[in-house]
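This chain uses plain numbering: 1 for the first residue, then up along the sequence. Read the numbers this way: they start at 1 and go in the same order the structure lists the ligands and their atoms.
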Amino acid sequence: MPVLRCTKKERLKGVQIHRPFVYGSIAKPLDPSNRPPGISPEHTHQWSVFVRGVNDEDISYWLKKVQFKLHETYTNSSRMVESAPFEVTETGWGEFEVQMKLYFVPEANEKAQTLWHALKLHPYVGDIEGQKERRDPIVSQNFEEIIFSEPVEPFYDILTSGPPQPARGKGGKGSKQATLRKQGERSAEIPYANSEGNPFSQKEEAMELDRLREAMKTVHGMIKEERGKLAGKEKVMEGLRKEGAGQPGK
Ligand code: SLL
């Protein structure tokens, strides 16, 4: 079969790009006195299965759609979710394995990838009886990282540009970032400050740089001190050598 080659489809050798995301489920026992209308009397829980960004970050710039395959007891058990939020909400009575097939944006030129998630309806750790009594939601989720190995260039550009940013005056007035934002273009910029569960921010980065600068100062000080010691020792050696040269040979 002839192989069609297009420069745009060329893979970037040696490049690997990781994108984190979270997948899993949340289930809530139904309140018998307040059941959603029209559901089967056997159903005990309402649940959602999902694929989302860490901290709910937009992942739709690289993830196009997700196919959720439910247990065959569900009508239309194969559910294609074509846009974010990538999730399916249902009611039911039993736990089962949900298949999630991740389809990437067309520029990716990547095959879909399949994940499995065990839907959890019942508490299985901690104060099980208390959780049941309070009808606590049962969350079961996993952090995952997808590795795009040697991506094609257009996809590399998409991945490194990050999700489209809302126009906000974060970059200085007239700065390149501010201009990009105004135009509603993409930015790979991390948030200015930390938020709960997200320790990656410009502020943290600046603090880390300060810590590194301080550490460099200490290391330079140590090098200077060691050099001083070495110079002293070399002087002593030189003296000994001279003394040795003055002695008659054996
Ligand atoms: C079990 N192996 O026996 C599992 C199967 C299937 C759960 C669980 C269907 C709801 C409906 C439903 O909850 N299926 O009838 O629409 O625990």
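The option from Glu42, Glu95, Glu72, Glu97 that lies nearest to atom 17 (O) of ligand 1, judged by heavy atoms, is Glu95.
Ring pair Trp47/Phe96 is perpendicular by interplanar angle, where above 60° counts as perpendicular and below 30° as parallel.
The nearest pair of heavy atoms linking Gly14 to Glu150 is N-OE2, 2.8 Å. Contact record, Tyr74 with Thr91: OH-O, 3.0 Å, taken as the closest heavy-atom pair.
Proximity of a side-chain donor or acceptor of Arg79 to a complementary backbone N or O of Asn76 within less than 3.5 Å is detected.
Under a 4.0 Å criterion applied to the non-hydrogen atoms of Gly94, ligand 1 contributes the atoms 7 (C), 8 (C), 13 (O). Residue Gly92 approaches ligand 1 through these ligand atoms, each under 4.0 Å from one of its heavy atoms: 13 (O).
Ranking protein heavy atoms by distance to atom 14 (N) of ligand 1, first place goes to Thr73 OG1, 2.9 Å. Protein heavy atom at the shortest distance from atom 13 (O) of ligand 1 is Trp93 N, 2.8 Å. Nearest non-hydrogen protein atom to atom 10 (C) of ligand 1 is His43 NE2, 3.2 Å.
At a 3.5 angstrom cut-off on N or O pairs, His71 does not count as close to ligand 1. At a 3.5 angstrom cut-off on N or O pairs, Tyr74 counts as close to ligand 1.
Judged by a 6.0 Å distance limit and a 45° cone about the ring axis, Lys65 is positioned over the six-membered ring of Tyr103.
Here Leu30 contributes atom CG and His45 contributes atom NE2; the two are 7.5 Å apart, rounded to the nearest 0.5 Å.
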